[in-house]
Amino acid sequence: MTAISRREIPARAVDRWFVGVDLGQSTDPTAISVMNHRVVPLDTWKENIKAGYWRQDRTEHFDVRHLERLPLGMSYPQQIQRVVNLLARPPLDGLKPKLVIDETGVGRPVGDMFDAAGLHPNRITITAGLEATQHGRSWHVPKGLLISNLEAHSHSGELRIAAAANDAAALREELKDFKRKISEAGRTTYAARVGAHDDLVLSVAITLWMATQGSETIVSELLI
């Protein structure tokens, strides 16, 4: 009997950690989030008859395990030291999380201070454009992409906020106040209502953006 080979695409297990920092200082507080991205292969497979392969099922989640707002007025050296202390705290000290900062409102000099401290974060500048661009560790990402990515993974149930996270309740309030507006020209903008903060929302959004980039989540193909 001749053995019939089939093309199988197995899921690849992923367990990565990310720390995101939305930088503020005098008006908006700096917000820090810690996220665990996990992909777990399942025992079941789905056949794609037309394409001629079987793909392994998997679950994927982005779990926010820690949320924190720093006090208004804290100096940048103090903020950087807070991040250093957080990264040195178990279990993050052994997990080597990828650090990402939003330097939109504070500029490159503050990002340079993170580099000088040996942290070398990925840097995001939030723009009003339509496409994200990357040059090394520097990203320009439209706010619409950040928020639509956040909404998509939240509605799918893949983004989960730990109830025990310090500022989880504050994040839920920020999400209520975060509004999508469409101008007469058809342009979509996103912002917190007047007088409200969006630092926690943006901290989670940039962390999720970084977690959803890269090749680590791509499944590899195996022919048997």
Side-chain angles (χ1 to χ4, degrees), residues 10-23 29-44 56-70 79-103 114 117-124 126 132 134 137 139 141 145-175 178 198-220:
R12 178 180 174 184
V14 171
D15 188 357
R16 304 182 300 165
W17 289 79
F18 297 84
V19 174
V21 183
D22 180 64
L23 289 163
T30 288
I32 301 173
S33 60
V34 178
M35 182 179 292
N36 179 208
H37 173 210
R38 294 193 72 209
V39 176
V40 178
L42 303 177
D43 294 333
T44 55
Q56 188 175 14
D57 293 328
R58 64 179 191 163
T59 60
E60 182 173 26
H61 288 104
F62 303 86
D63 291 313
V64 178
R65 300 294 182 85
H66 176 82
L67 282 170
E68 177 181 10
R69 272 179 175 155
L70 301 185
Q79 294 186 30
I80 292 169
Q81 187 58 53
R82 179 70 188 94
V83 175
V84 169
N85 295 342
L86 178 66
L87 294 174
R89 195 171 72 187
L92 290 180
D93 59 339
L95 297 172
K96 298 182 178 179
K98 182 175 286 187
L99 177 64
V100 54
I101 64 172
D102 168 21
E103 62 179 15
F114 276 80
L119 296 177
H120 305 294
N122 286 271
R123 304 178 180 196
I124 287 182
I126 300 174
Q134 179 190 6
R137 290 185 288 111
W139 298 72
V141 186
L145 282 184
L146 288 174
I147 301 306
S148 61
N149 189 47
L150 181 73
E151 289 179 332
H153 288 88
S154 178
H155 292 166
S156 70
E158 293 175 341
L159 175 64
R160 304 185 297 195
I161 313 296
N166 292 5
D167 280 309
L171 174 62
R172 286 193 289 271
E173 291 303 312
E174 283 193 10
L175 287 169
F178 207 76
D198 59 5
D199 44 277
L200 290 169
V201 172
L202 293 179
S203 173
V204 173
I206 63 169
T207 310
L208 180 62
W209 171 265
M210 191 54 55
T212 51
Q213 307 305 305
S215 60
E216 289 88 344
T217 60
I218 296 176
V219 296
S220 57

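These figures come from a predicted structure and were not determined experimentally.
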Novice: Can you list, pair by pair, the side-chain donor-acceptor contacts under 3.5 Å of residues 199-209, counting residues two or more places apart and other chains?
Specialist:
residue, atom, partner, partner atom, Å
Asp199, OD2, Arg69, NE, 2.8
Ser203, OG, Gly20, O, 3.3
Ser203, OG, Ala31, O, 3.4
Ser203, OG, Ser33, N, 3.2
Ser203, OG, Ser33, OG, 3.0
Thr207, OG1, Gly20, N, 3.4
Thr207, OG1, Ser33, OG, 2.9
Thr207, OG1, Ser203, O, 2.6

Novice: So do Leu175 and Leu150 actually touch side chain to side chain, heavy atoms under 4.5 Å?
Specialist: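 The answer is yes; the side chains approach within 4.5 Å.
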Novice: Can you find a pair of side-chain heavy atoms, one from Ile32 and one from Val21, that are under 4.5 Å apart?
Specialist: yes
Novice: As an exercise, state the distance from CG of Leu145 to CH2 of Trp139, rounded to the nearest 0.5 Å.
Specialist: 11.5 Å
Novice: Hydrogens and angles aside, do Arg38 and His61 bring a side-chain donor and acceptor to less than 3.5 Å of each other?
Specialist: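 Distance-only check fails for Arg38 and His61.
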Novice: Are Phe114 and Val83 close enough that some pair of their side-chain heavy atoms sits under 4.5 Å apart?
Specialist: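 Contact flag for Phe114/Val83 side chains = yes.
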Novice: Please answer whether the main-chain N or O of Glu103 pairs with a side-chain N or O of Arg123 as donor and acceptor at a distance below 3.5 Å.
Specialist: no
Novice: Hey, could you give me the CZ/CG distance between Arg172 and Leu67, rounded to the nearest 0.5 Å?
Specialist: 10.0 Å
Novice: For the CG atom of Leu95 and the CG atom of Leu87, what is their distance to the nearest 0.5 Å?
Specialist: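 Reported to 0.5 Å precision, the distance equals 10.5 Å.
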Novice: At what distance, to the nearest 0.5 angstrom, does CD1 of Ile124 lie from CG of Asp22?
Specialist: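 Ile124 CD1 to Asp22 CG: 10.0 Å, rounded to 0.5 Å.
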Novice: Output yes when a side-chain donor or acceptor of Gln56 lies under 3.5 Å from a complementary backbone atom of Leu42, and no otherwise.
Specialist: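 Looks like yes, one N/O pair under 3.5 Å.
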Novice: Of all heavy-atom pairs between Ala88 and Asp93, which one has the smallest distance, and what is that distance?
Specialist: O-CB, 3.5 Å
Novice: Which distance, rounded to the nearest 0.5 Å, do you find between the CD1 of Ile101 and the CG of Leu23?
Specialist: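 Answer rounded to 0.5 Å: 5.5 Å.
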Novice: Quick one: pull up CG in Leu92 and NE2 in His66 and give me the separation to the nearest 0.5 Å.
Specialist: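 Between atom CG of Leu92 and atom NE2 of His66 there are 8.5 Å.
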Novice: Taking Asp63 for its side chain and Met35 for its backbone only, find out whether a donor-acceptor pair lies under 3.5 Å.
Specialist: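 Answer holds: no.
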Novice: Determine the minimum heavy-atom distance between Pro41 and Ala11, stating which atoms define it.
Specialist: CG-O, 3.7 Å
Novice: Any side-chain heavy-atom pair from Val100 and Phe18 closer than 4.5 angstrom?
Specialist: no
Novice: Going through the distances and angles, do Val34 and Leu86 end up as a side-chain contact (heavy atoms from CB on, under 4.5 Å)?
Specialist: CA-CA 10 Å; Val34 178; Leu86 178 66; 4.0 Å; yes
Novice: What's the verdict on side-chain contact (heavy atoms from CB on, under 4.5 Å) for Gln213 and Lys98, showing C-alpha distance, side-chain angles and the deciding distance?
Specialist: CA-CA 12 Å; Gln213 307 305 305; Lys98 182 175 286 187; over 6 Å; no
Novice: Any idea which heavy atoms bring His120 and Arg137 closest together, and the distance?
Specialist: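 So the two residues come closest at C-NH1, 3.5 Å.
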Novice: Quick one: does Thr30's side chain get under 4.5 Å of Arg82's, heavy atoms only?
Specialist: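 Contact flag for Thr30/Arg82 side chains = no.
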